[in-house]
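Each residue takes its place number in the sequence, starting with 1. Worth knowing before you read on, the calculation uses all heavy atoms, side chains too, and leaves out hydrogens, waters and symmetry mates.
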Amino acid sequence: MRWTMTIRKIAMIALGVMFAGAIPAHAQSTPPAPPPAARPTPFDIVRVHGGVDIPYLLVHPPMFAPAKAYPVLILFGDGAQDRDAVRAALAAGWETEAAARGWVVVGVAAPLGTHLLQVSAEAFSGLLDDVARALTVQEGKFYIAGAGEGGKAALLHASQAPTRMRSVLVRPGFAEDWFMGTAQAGLKDVPVTFLIGDHDDAYFAPTENTVAKIQSAGAMRCYEVIYGGEGRDISVQPAELFGMLLAAEQGKAPSTAMLPRENRGSPDNLPAAHADAAPQTHVIAIEKVLDTLHDAAAKADEDRYFNLYAPGAVFLGTDAAERWTLTEFKAFAHPYFAKGKAWTYTPVKGTRHIGLEGEHHDVAWFDEQLENDTLGRCRGSGVLVRTGDTWKIRQYNLTMLIPNDVAAEAAKLGSAAGEKDINKDAK
């Protein structure tokens, strides 16, 4: 029986070999399809407000789970802003870094025959809604980034939907005149970081103008990173881009440690014409002044503490009578420092805000919340001035933070204490 079965198999194989060439082409087996990973991811199409079709490419991280909340980055391409531009932007490192971090990336192309700047606010909001239906967006808010024309679009659409934005990054990008007012108003409370090479003739001046106008509107988290000696294609790695998106969201200026050593954008290695055009380096310097101020006071280091004040500085204390010139403040504070114990005010993380003023960014204001064992939650605020690369405190104002629920009671206590002082002085 076994032999019979074997002979039959051999005969069938032989017949197959003999007639293989006679099988019609359309009847032959088709080659196996490539595995899913080898196929290009298809674009989704969402029809939004006004019947506009917006193509977008949804790129999931490995082991994607729809029920899990993911950080989501909206990415705009440069140039034609078509599907090829989206794929090129993703291939430049955004997709790989996002996958490593567990982020979802949404590469958005312009509707056929249009430009992303022509997409209405309602249509862009519809796109965000469609993405939110497809997955769970972390905190319900999006990151957004773009380069060149995509950078402009990122600024426009982020400013039109500020409550849905976590952080914005453009490399490069600027607000055109027709939507500058929208950018100023919409990005006032949205973290936004501008990257620019100082040899980028087409983008440098407009970017500087955009940064200055957004900051002048009161934006406290508007940062600029200048790459000295570089043009449009700045030397920045995807990991650094994600790091800057996150830093800005947390209210931190882009750290020089994130940037290539030879392109850190400090005034020392920028051409003289742009030596005053790097706000982010000034913010970092101001952060250091404030941190040093608190550290020197806590350690009773009198010389280091008062070296941080500018000539003519004024200190405003929590008591109404405490408006001291620098000389008066030194006289008040010296006994405390001499005893080796001054005061300790610990900055509350995430509450520090810094703004720059002036054509050359030589004046800055700040405010931050502080914790003190005796006075509880306080606020330190004030003004710094810059001479060369050195920032000094021109005014410091320390106030106690009184909750609204007890403000009336605190006011009565303050008034009563004030009347006692007046009566005492009268005697």
Side-chain angles (χ1 to χ4, degrees), residues 36-37 41-49 54-77 86-87 89-109 116 119 121-146 150 153-171 186-193 220-221 223 237-252 254-255 258 348-351:
T41 305
F43 276 77
D44 292 305
I45 302 290
V46 55
R47 174 157 289 187
V48 293
H49 181 82
I54 303 179
Y56 68 90
L57 194 61
L58 197 59
V59 183
H60 300 124
M63 307 299 290
F64 174 75
K68 179 182 175 181
Y70 288 91
V72 180
L73 171 68
I74 304 294
L75 181 64
F76 294 143
V86 170
R87 293 193 185 281
L90 290 168
W94 284 104
E95 182 176 0
T96 302
E97 184 64 25
R101 292 172 177 262
W103 285 39
V104 171
V105 182
V106 183
V108 182
L116 285 170
V119 172
E122 294 83 359
F124 180 68
S125 180
L127 168 68
L128 299 183
D129 291 341
D130 197 66
V131 173
R133 285 191 290 269
L135 54 92
T136 305
V137 181
Q138 193 175 76
E139 298 183 10
K141 295 185 177 182
F142 300 81
Y143 297 91
I144 187 169
L155 292 173
L156 172 63
H157 294 303
S159 64
Q160 291 178 330
T163 60
R164 305 185 72 174
M165 296 294 115
R166 297 183 68 170
S167 182
V168 184
L169 185 141
V170 295
R171 52 170 299 235
L187 297 176
K188 180 178 179 296
D189 298 313
V190 176
V192 55
T193 305
M220 293 180 289
R221 286 183 288 176
Y223 307 106
Q237 300 301 312
E240 297 165 344
L241 299 174
F242 278 88
M244 283 186 258
L245 277 168
L246 292 168
E249 182 185 13
Q250 297 164 6
K252 299 177 181 178
S255 170
M258 294 179 181
V348 178
K349 185 177 180 180
T351 66

> How far does OG1 of Thr163 sit from CG of Asp189, to the nearest 0.5 angstrom?
Replying inline: 11.0 Å

>> So, taking the atom named CG in Leu73 and the one named CH2 in Trp94, what distance separates them when rounded to the nearest 0.5 Å?
In response: 5.5 Å

> Looking only at heavy atoms, what is the nearest atom pair of Val170 and Ala154, with distance?
Replying inline: CG1-CB, 4.1 Å

> Can you tell me how far the CE atom of Met220 sits from the NZ atom of Lys188, to the nearest 0.5 Å?
Replying inline: 6.0 Å

>> Give me the atom names and distance for the closest heavy-atom approach of Pro71 to Gly102.
In response: CD-O, 3.8 Å

>> Any side-chain to backbone donor/acceptor pair from Arg101 onto Ala239? Under 3.5 Å, distance only.
In response: yes

> What is the minimum heavy-atom distance between Ala109 and Ile54, and which atoms define it?
Replying inline: O-CG2, 3.7 Å

>> Looking at every non-hydrogen atom in both residues, tell me the closest pair between Ala99 and Pro62 and how far apart they are.
In response: O-CD, 3.7 Å

> So which of Leu75, Leu116, Val119 actually passes side-chain contact (heavy atoms from CB on, under 4.5 Å) with Val108?
Replying inline: Leu116

Counting only pairs under 3.5 Å, give me each side-chain donor-acceptor contact of residues 129-136, with atom names and distances, residues two or more places apart or in other chains.
residue: Asp129; atom: OD1; partner: Arg164; partner atom: NH1; Å: 3.0
residue: Asp129; atom: OD1; partner: Arg164; partner atom: NH2; Å: 3.0
residue: Asp130; atom: OD1; partner: Arg133; partner atom: NH2; Å: 3.2
residue: Asp130; atom: OD2; partner: Tyr56; partner atom: OH; Å: 2.5
residue: Thr136; atom: OG1; partner: Pro66; partner atom: O; Å: 3.2

>> Quick check for you: to the nearest 0.5 Å, what is the distance between Phe242 atom CZ and Trp103 atom CH2?
In response: 5.5 Å

> Any idea which heavy atoms bring Pro61 and Val104 closest together, and the distance?
Replying inline: CD-CG2, 3.7 Å

> Do Arg87 and Leu57 have side-chain heavy atoms sitting under 4.5 Å apart?
Replying inline: yes

> At their closest point, which heavy atom of Pro162 faces which heavy atom of Gly186, and how far apart are they?
Replying inline: CB-O, 3.2 Å

> Considering only heavy atoms from C-beta outward, does the side chain of Leu128 approach that of Met165 to under 4.5 Å?
Replying inline: yes

> Side-chain contact, heavy-atom cut-off 4.5 Å: Arg166 with Phe142?
Replying inline: no

> Among all residues two or more places apart in sequence or in another chain, which pass the side-chain hydrogen bond (donor to acceptor under 3.5 Å, both in side chains) test with Tyr70?
Replying inline: none

> Atom CG of Leu169 and atom OH of Tyr143: how far apart are they, to the nearest 0.5 Å?
Replying inline: 12.0 Å

>> Please report the interatomic distance NZ(Lys141) to CD(Glu249), rounded to the nearest 0.5 Å.
In response: 8.5 Å

>> Can you tell me how the ring of His157 sits relative to the ring of Phe124, calling it parallel under 30°, perpendicular over 60° and tilted otherwise?
In response: parallel

